[in-house]
Amino acid sequence: MMSILRQIIKGTVLCTALVALPLTAETVIIKGSDTLGAKLIPLLAESFRAEKASTLSNISFEIAAEGSSTGIASIIEGTTDIGMSSRELAPLELSQARAKKVAIAQIQIARDSLAVVVHPTNSIDGLSMQDIENLFCGDIQNWAGVSLQTGNTSVYVRNSASGTYRAFSDLALSGRDYGQEVLSMAGNEQIAEEIANNTHSIGYVGFAYADRLGLKILSIDGIMPQEPDYALSRPLYFLINQNNFKKPIAREFVDFVLSPKGQAIVESVYFLPATAARNTNSFNSESWK
Amino acid sequence: MREQEKKQPEAASPFELNAKAKHSKKAKDRSIKFFFRNCAVLTIAILTLITVFLFKEGLGFFTQEYDALVSYRQSGMEYVDIQQQPIDTYVRLHQNLIRIRADWINHLREVEQLSVNQVQARIETSKVNDLFFGYLEASYPVRDYLASQLDFAKSVEQKYFTKNLKTEAQWSKDSTDYQKAIQQIQDQRTEYSRLIDMLALEAKQRVRSGILIDWPNEKISQQYTEFVEAQSRFTDSLNSTNLQLDTYNFSQPVAFKNVFMSFLTGRVWSSSSASKDQYGLLPLLTGSLSISIIALLIAVPFSVSAAIYLNQIAGPTERNIIKPYIEFISAIPSVVIGFFGVAVFGQGVLNLSNLPLLSWLPFFPIQERLNALTAGALLALMATPTIFTLAEDAINNVPGKLREASLAMGATRLQTIFKVIVPSALSGIISAIMLGFGRIIGETMVVLLCAGNRIKIPDFMEGIGAVFEPVHTMTGVIAQEMGEVVQGSLHYRALFMVGIVLFFLSLIVNYSAQWVLRKYGSERN
């Protein structure tokens, strides 16, 4: 009887030790954009961990990819170490940050092309910017308006919490509203899935997601998304609070992402590296140190 | 040893029920009573708190919307939006034109059996392109002008009406700067008139050139004639816009009625609009209701007949199988049902609609696999256990002597069921259906995954085809947009208002279910 009890106590102690062990590890919390957080950041985190494995025993990452707005909100609230964003800050968010004494620095870590995609049986290969505006704003709702095909268009867009939603509206729709007919989807994957299953569909996804079977990538004014002059490309940012960026491990991670090795990973998942930007008005890594 | 210990107090108890034991038992009773009462009080308190919070956050919507409407009017954004109206009409006219082009292409391909290149040669001549593409292109100058005007009006709004900036710089709308800005917007009117006149002229020319096109058949030529008539009406409608602009008054007060109407009867829900954000309930309400009606139409026959069968016809073995199985459905998490809906049901209906065998149906083939029917069918699955269980209870409550009396009178079993048992259980069945409806209208995950999330009132003119249109729902919009809103903003409060509407809807449904039971349920006793 007593021996069983003793064994149980032993087991409990062991378990507690096992559970307690990771508590000593360092955690980096990263929240925000789904475009970054779904694929790229986990990859970067993994190889960063592999690199640091010799020196530091345990680094863990908490990555939550729920849209840029959440990333910005949580950097303002101070609930994350690094925020991810695929758009610039809105004036309201800036004034909120100022009110909370948070100095947000944007560090461009990659560029993302938004690929306009259609079902593979669609006969068109490219569209003009004007056509794209007309299609997504609902001015043209039939494929006969831009091609020799017929049938109503089904337009798939991201939901309004996503930075991509606003980025696309700014880049392609000259700031106009989306049409009432658009179907808003929760993420890139869902859009890709729906477009692959709908012959009359059109939508946009991050270029990283367009590279899969069952989607046809359109050129815009004759330029494909991987080319540098592509019109629908935008910078992707890390956001940090300059007044409170103390965690050395988070700092090292940002450095790692900007290093050539990190940028090579960026390219490996079909994002453009941060340096290939057309307009390099972004923050460089020095500005936040 | 232990057994002895156990037995002892039992044996002693009849004699030892003295005052002390009684007292301790009473104290125990009292403490249990105290615990339960406090649990009940706590539950009510939390419920009240939630309700108060909901209303506190939601009702602020109306004052904020009032402010937004005032600044919308006084900053001139409304003025610009009035100028936008003819362009919206124009774009809709252009859509008719595109439909004519689509019919023409279909005709060439299906009736004349031409290849793609031949179709292109026939339809992409410069004369034809001038009409189909030139018609929309003619509106681009006005569109650009309106975009810049809207930008300007928006900057006026931000300068004079956005609250935190106003306190910083002490801007007031009585200042001469503001008057100048408004004057500037009004002065642009001449430019607008010039552009619109140009548009009307050019549109007329394009349309006239279309008359020379030899249309392939009588029907399309007829469509074009109708289009030309509509186009001439467009030119006439410009006068009414001009009248509206002439009589426009920037400082006209906003009626409070408009604030309510903008929410209750608004047809547009757009949270990040270039112009004023609009929060109209109607598309969400129709979406929620149409999904619920579809779900009930599917669920009610199945679950009620299952309940009747189970209670009246099925043998004990069947009963032991059917009842647990149907009730097991409610154990499936709604997100799993949602996945099933997208991948299996939605895809299945889509594939089915593409079968050539069924192409005679007017609404087939469908395009989107995420639509009201997909969501409704899955919600039917989720409501079935609720309706089934409650309806079965109601039928079970019918006194056995009614059934016996009916059978004794020589009625068959079916006659007994439909003439005696179902009528007397009807109130219970109706209340079961209502509670099922309450279950459906509050469901979130399935509709978010399967309904297609298009914020637009379905086109009910299409008839049955309307069920294949994607819709958005009240629950879905709250779940989708709550994560992004700035706390305290108009958008945030609009979502809470939607929550209040939902709250009242389920309140009414539950209350009327009880009312039906009270009013008609007592008759049989």
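Throughout, a chain's letter reflects where its sequence line sits, starting with A, and its residues are numbered from 1. If you're wondering where the values come from, they're calculated on a predicted model, not measured in any experiment.
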Counting only heavy atoms closer than 4.5 Å, note whether B:Arg109 contacts chain A via side chain, backbone, both or neither.
side chain

With a 4.0 Å cut-off on N to O distance, would you call B:Arg92 and A:Asp139 a salt bridge?
no

Select one option (side chain, backbone, both, neither) describing which atoms of B:Leu108 are under 4.5 Å from chain A's heavy atoms.
neither

Salt-bridge contact B:Arg454-A:Glu181 (side-chain N to carboxylate O under 4.0 Å)
no

Okay, B:Val342 and chain A: the region with an atom under 4.5 Å from a heavy atom over there is side chain

Distance, nearest 0.5 Å, that separates CD of A:Gln180 from CH2 of B:Trp269:
13.5 Å

Quick check on A:Thr199 against chain B: is it the side chain, the backbone, both or neither that has a heavy atom closer than 4.5 Å?
neither

Name the region of B:Glu124, side chain, backbone, both or neither, that has any atom closer than 4.5 Å to a heavy atom of chain A.
side chain

Answer with side chain, backbone, both or neither: which region of A:Tyr178 has an atom nearer than 4.5 Å to a non-hydrogen atom of chain B?
neither

Which portion of B:Ser271 sits near chain A, non-hydrogen atoms under 4.5 angstrom:
side chain

In the structure I gave you, are the side-chain heavy atoms of A:Asn198 and B:Glu368 within less than 4.5 Å of one another anywhere?
yes

Are a donor atom and an acceptor atom from the side chains of B:Ser270 and A:Asp177 found within less than 3.5 Å of each other?
no

Interface moiety of B:Glu481 toward chain A, non-hydrogen atoms closer than 4.5 Å
side chain

Examine distances only and state if a side-chain atom of A:Thr150 and a backbone atom of B:Asn106 form a donor-acceptor pair shorter than 3.5 Å.
no

In terms of heavy-atom proximity below 4.5 Å to chain A, should B:Gln95 be classed as side chain, backbone, both, or neither?
side chain

Is the closest side-chain heavy-atom distance between A:Gln130 and B:Glu137 below 4.5 Å?
no

B:Leu350 versus chain A, heavy atoms under 4.5 Å apart: side chain, backbone, both or neither?
side chain

